[in-house]
Amino acid sequence: MNNLKIGIIGGGTMGNGIAQTFALFDFNVKLYDISLSNLDNAKKTILKNLERMVNKEVINHSDLQKTCNNITYTNDVNSVLNSDLVIEAVTENLEIKESIFKELDAKCPEKTIIASNTSSISITQLANATKRKDKVIGMHFMNPVPIMKLVEVINSKYTSRETTNIILELSKKLNKIPLSVNDYPGFISNRILMPMINEAIEALDQGVANVKNIDGIMKLGMGHPMGPLQLADLIGLDVCKSILEVMLNGLKNEKYRPNKLLVDPVSYTHLRAHET
């Protein structure tokens, strides 16, 4: 399995984290982005992360060099087409992802598994953009990818057991813990997480408590390593809003409607700064 060739579409935070993780465990990785600037930033970010791991004695200099050598950075999409697994890690936009899946399906060998790192978009919808529906799956890594243990493996209604088993075993090779779920809006991670974040913002909006105390109560009382408002800032308010809207539209339940402060992040930012 270590001989599998890995292609990654998207050199942003998640894409470069996924590339680093595969390369660290001795997989040959091709990281594609349309932007040379994004690729340059990805290369710098990966090197910085690896140097931090060396300083903490998590890896040694030999591991650092090996990992860097295992990654090829490219803005030529054709160079990733011969991969055994291609992981899409671009912006959370259904039309963009569907376009990528159609192109990969048309150009990749029949054996290639196409995965998405999406945090909310339907894997079944993405599979419908291809003719290899059984080889389409979700691999939802958590941020920061090199540190977080979970890979949420999302099966569409078409995903074959063989494809699922390959992805589960591959995730374990990365020293991750893969947990399998079925394709529903928000999957499990965000279906539970996003309503909590939304409720924390609702409590802030209503003046129930300030930022420090909302986050503090969840950390001290519930054992969360990070408060929901701090986590919302880390994820990005635009991403939180987008995921909630996917669940609202998909599950037809008003409890997923984003609080008005998520719809108007300027007001949220001002209130958060004032309350902190």
Side-chain angles (χ1 to χ4, degrees), residues 10-18 20-21 41-42 44-46 48-53 55-56 58 89-93 117-121 138-152 176-177 179 181 185-248 255-276:
T13 300
M14 297 305 293
N16 69 59
I18 296 168
Q20 176 186 325
T21 301
N41 288 335
K44 290 175 181 176
T45 298
I46 289 172
K48 183 179 178 180
N49 288 342
L50 292 171
E51 287 173 343
R52 186 182 299 117
M53 293 174 75
N55 291 336
K56 292 183 177 180
V58 176
V90 304
T91 185
E92 287 290 275
N93 180 294
N117 183 58
T118 181
S119 58
S120 61
I121 290 173
M139 283 187 86
H140 181 203
F141 290 84
M142 303 295 122
N143 187 25
V145 179
I147 295 173
M148 300 293 281
K149 284 290 189 181
L150 174 65
V151 177
E152 190 177 29
K176 301 294 187 187
I177 300 174
L179 297 175
V181 304
F187 317 134
I188 287 296
S189 55
N190 283 317
R191 184 165 178 170
I192 294 172
L193 174 63
M194 287 302 155
M196 182 188 73
I197 287 176
N198 201 39
E199 193 65 29
I201 293 173
E202 181 85 17
L204 178 67
D205 186 25
Q206 293 177 354
V208 179
N210 63 23
V211 171
K212 180 180 178 181
N213 289 350
I214 291 171
D215 280 349
I217 285 168
M218 296 306 293
K219 288 191 289 185
L220 297 172
M222 311 303 164
H224 292 194
M226 183 182 297
L229 299 176
Q230 184 184 2
L231 183 55
D233 289 341
L234 177 65
I235 294 169
L237 300 183
D238 56 335
V239 176
C240 294
K241 173 178 173 287
S242 174
I243 295 170
L244 283 163
E245 288 174 341
V246 167
M247 292 193 292
L248 175 66
K255 73 180 181 179
Y256 300 113
R257 184 173 296 281
N259 176 271
K260 66 179 185 290
L261 292 180
L262 274 177
V263 177
D264 179 16
V266 173
S267 296
Y268 169 83
T269 302
H270 286 166
L271 182 57
R272 196 189 195 293
H274 175 73
E275 292 281 2
T276 301

Under a 4.5 Å cut-off applied to non-hydrogen side-chain atoms, are [X] and [Y] in contact?
X	Y	answer
Asp238	Glu92	no
Met222	Met196	no
Met247	Lys255	no
Ile235	Ile197	yes
Ile188	Arg191	no
Lys176	Thr21	yes
Val181	His140	no
Lys260	Asp205	yes

Nearest-0.5 Å distance that lies between atom [atom1] in [X] and atom [atom2] in [Y]:
X	Y	atom1	atom2	answer
Ile46	Asn41	CD1	CG	11.0 Å
Leu234	Met226	CG	CE	5.0 Å
Ile243	Thr118	CD1	OG1	8.0 Å
Leu150	Met142	CG	CE	4.5 Å
Ile121	Asn93	CD1	CG	6.5 Å

Subject >> By side-chain hydrogen bond (donor to acceptor under 3.5 Å, both in side chains) - contacts of Glu245 (at least two apart) >> reply: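 Checked Glu245 against side-chain hydrogen bond (donor to acceptor under 3.5 Å, both in side chains); matches are Lys241.
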
Which atom of [X] lies closest to which atom of [Y], heavy atoms considered:
X	Y	result
Phe141	Met14	O-CE, 3.2 Å
Ala89	Ile18	CB-CD1, 4.4 Å
Pro195	Tyr256	CG-CE2, 3.7 Å

Original post:
Between Asn259 and Leu204, is a side-chain contact (heavy atoms from CB on, under 4.5 Å) present by the stated rule, with each step listed?
Top reply: CA-CA 10 Å; Asn259 176 271; Leu204 178 67; over 6 Å; no

**OP:** Going by the side chain to side chain contact (heavy atoms under 4.5 Å, CB included) test, name the single residue among Asn198, Val263, Leu248, Leu262 that passes it with Arg257.
**Re:** Leu248

Original post:
Under 3.5 Å, is there a donor-acceptor pair linking the side chains of Arg52 and Asn55?
Top reply: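 On atom types as modelled, these side chains do not qualify, holding no pair under 3.5 Å.
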
Original post:
So, the side chain of Glu152 versus the backbone of Ser189: is there a donor-acceptor pair under 3.5 Å, distance only?
Top reply: yes

Original post:
Sub-3.5 Å donor-acceptor pair from the side chain of Asn16 to the main-chain atoms of Thr45, do we have one?
Top reply: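 Side chain of Asn16 to backbone of Thr45: no pair is present.
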
